[in-house]
Amino acid sequence: MSTTADPLAVLGSLPGVADSVDSVRKAVDRVYGHRVMRRRSNEVTSEAALRGARGSAALSGADWALEEVRRRSDFGGEGEPRTVGAALRLTAESGQLLSVWRQSPLRVLARLHLVAAGRDRPDEAVGRPRLPGEPVVEPLVELPLPAADEVSGRLEGLAGLLIAGSDASALVTAAVVHGELLALRPFGSYNGLVARAAERIVLVGSGLDPKSICPAEVGHAELGRAAYTAALEGYVSGTPEGVAAWIAHCGRAVELGVRESTAVCEALQRGAA
């Protein structure tokens, strides 16, 4: 990252990023202006949470139909049920961590991993960054895995930037947090789910989406795994073009999440949901 006083803001000046930021802001403003939001915003928030969890689980290999996620209550099994359950727990937990995130992002990340793993307290490999030699299970991301000492340093650097504050837009900050966590894969499991939950926390906590009705996870899933991993490779490359493409990809995901919640608003208005 840049050594300037505000490296996140520098990313906002990359070609095309300002257009993405502007497009996302306009899309979010439109859905917040929907008449349903005046009376039934809690219902939209709840539905966005469910759909966001479904989308995040799909990217982690559990691509269930929305109605299947809605009707199921047992997520204790291994494999796909466990992944869907982890995504649902993370969505529920994320809204409770906004104030802690502003002061200690690393504490929140540790908590998110505990929640994803279904644990109440850390054990040898849950709720803390991985140690040298510890394996990582993340089927979607096949990029080279950074060494544990690099992970520790970059996490501390990211946390420092977030605590210091930035003039960067919510989209840029959320995309960087998301991209760094996927690139680093700091935990032994559930890194994708945690990264997308952290992106959501930034978007909500920044004030861009305070009611959490614009589930970027829906958009990431709709854009597909291939586009997701290709955009991530651009971010990891560190080139201006690659980083800008990742930010634009995240912006498009937010816009698709807006479209999803707009459809929910329209259904509520018609009395169909």
Side-chain angles (χ1 to χ4, degrees), residues 20-60 62-73 75 80-81 83-98 115 169-171 174-175 178 192-193 195-225 227-228 248-273:
S20 294
V21 169
D22 185 57
S23 182
V24 165
R25 166 53 70 185
K26 288 178 179 177
V28 172
D29 286 348
R30 283 195 299 272
V31 71
Y32 269 85
H34 197 286
R35 66 175 60 186
V36 165
M37 288 296 296
R38 301 172 196 164
R39 298 173 286 110
R40 305 177 71 177
S41 64
N42 288 342
E43 294 173 70
V44 181
T45 296
S46 295
E47 189 64 19
L50 182 70
R51 296 181 184 216
R54 192 219 72 83
S56 191
L59 281 173
S60 287
D63 192 1
W64 289 13
L66 180 63
E67 291 310 313
E68 177 71 4
V69 178
R70 197 189 302 279
R71 74 172 185 83
R72 287 283 290 266
S73 59
F75 300 100
E80 292 188 5
T83 298
V84 175
L88 289 167
R89 290 193 299 272
L90 283 173
T91 299
E93 185 76 7
S94 295
Q96 310 301 315
L97 298 172
L98 294 173
V115 169
S169 70
L171 173 62
H178 187 170
L193 294 177
R196 291 184 288 276
E199 179 186 48
R200 163 81 4 232
I201 288 173
V202 174
L203 293 172
V204 173
S206 67
L208 176 66
D209 180 21
K211 294 183 182 293
S212 194
I213 63 167
C214 306
E217 305 93 329
V218 169
H220 287 303
E222 185 171 338
L223 290 167
R225 289 190 186 187
Y228 188 68
H249 181 89
C250 290
R252 180 59 179 152
V254 175
E255 291 185 67
L256 290 171
V258 167
R259 187 178 71 178
E260 187 85 355
S261 286
T262 300
V264 170
C265 288
E266 294 295 328
L268 288 169
Q269 186 167 286
R270 294 190 305 269

Legend entry - Step-by-step side chain to side chain contact (heavy atoms under 4.5 Å, CB included) determination, Arg30 to Thr262: CA-CA 9 Å; Arg30 283 195 299 272; Thr262 300; over 6 Å; no
Inset, instruction - Report yes if the side chains of Lys26 and Val258 come closer than 4.5 Å at any heavy-atom pair, otherwise no. - result: no
Legend entry - Set of residues satisfying side-chain contact (heavy atoms from CB on, under 4.5 Å) with respect to Thr91, sequence neighbours excluded: Ala49, Ala53
Legend entry - SG on Cys250 to CD on Glu199, rounded to 0.5 Å: 5.0 Å
Legend entry - Closest contact, heavy atoms only, Thr83 versus Ala57: CG2-O, 4.1 Å
Inset, instruction - Return the orientation label for the Tyr228 and His249 ring planes: parallel under 30°, perpendicular over 60°, tilted otherwise. - result: tilted
Legend entry - Residue pair Arg40 / Gln269, side-chain heavy-atom distance below 4.5 Å: no
Inset, instruction - Could you check Asp29 against Arg25 for side chain to side chain contact (heavy atoms under 4.5 Å, CB included), going step by step and ending with a plain yes or no? - result: CA-CA 6 Å; Asp29 286 348; Arg25 166 53 70 185; 3.2 Å; yes
Legend entry - For the student: nearest non-hydrogen atoms of Ala197 and Leu90, plus distance: CB-CB, 4.3 Å
Inset, instruction - Would you confirm whether Ser261, through its side chain, and Ile213, through its main-chain N or O, come within 3.5 Å as a donor-acceptor pair? - result: yes
Inset, instruction - To the nearest 0.5 Å, tell me how far Leu59 CG sits from Leu193 CG. - result: 9.0 Å
Legend entry - Min side-chain heavy-atom separation Val36-Val264 under 4.5 Å: no
Inset, instruction - Output yes when a side-chain donor or acceptor of Arg51 lies under 3.5 Å from a complementary backbone atom of Glu260, and no otherwise. - result: no
Inset, instruction - Could you tell me which non-hydrogen atom of Pro210 sits nearest to which non-hydrogen atom of Gly207, and how far apart they are? - result: CD-O, 3.2 Å
Inset, instruction - Kindly indicate whether the side chain of Leu203, heavy atoms from C-beta on, has any atom under 4.5 Å from the side chain of Val28. - result: no
Legend entry - Reported CZ-to-CZ distance for the pair Arg259 and Arg252, which is rounded to 0.5 angstrom: 6.5 Å
Inset, instruction - Please report the closest heavy-atom contact between Tyr32 and Leu208, naming both atoms and the distance. - result: CE1-O, 4.3 Å
Legend entry - Test side chain to side chain contact (heavy atoms under 4.5 Å, CB included) applied to Val31 and Cys214, step by step: CA-CA 9 Å; Val31 71; Cys214 306; 4.0 Å; yes
Legend entry - Separation between CE of Met37 and NZ of Lys211, rounded to the nearest 0.5 Å: 5.5 Å
Legend entry - Polar side-chain atom of Ser56 near backbone of Glu217 as donor-acceptor pair, under 3.5 Å: no
Inset, instruction - Evaluate the salt bridge (Lys or Arg N to Asp or Glu O under 4.0 Å) criterion for residues Arg72 and Glu68: first the C-alpha distance (whole Å), next the side-chain angles of each, then the deciding distance (0.1 Å), finally the verdict. - result: CA-CA 6 Å; Arg72 287 283 290 266; Glu68 177 71 4; 3.0 Å; yes
Legend entry - Point-to-point distance, once rounded to the nearest 0.5 Å, from CG of Asp22 to CG of Leu171: 11.0 Å
Legend entry - Residue pair Pro215 / Ala48: nearest heavy atoms and the distance that separates them: CB-O, 3.7 Å
Legend entry - Atom CZ of Arg35 with >12 non-hydrogen neighbours under 6.0 angstrom: no
Inset, instruction - Might you point out which heavy atoms bring Ala253 and Leu223 nearest each other, and give the distance in Å? - result: N-CD1, 4.1 Å
Inset, instruction - For a side chain to side chain contact (heavy atoms under 4.5 Å, CB included) with Asp63, tell me which candidate from Arg54, Glu80, Arg225 qualifies. - result: Arg54
Legend entry - Evaluation steps, side chain to side chain contact (heavy atoms under 4.5 Å, CB included), between Glu93 and Arg89: CA-CA 6 Å; Glu93 185 76 7; Arg89 290 193 299 272; over 6 Å; no
Inset, instruction - Could you tell me whether the side chain of Leu66 reaches within less than 4.5 Å of the side chain of Leu50, counting heavy atoms only? - result: yes
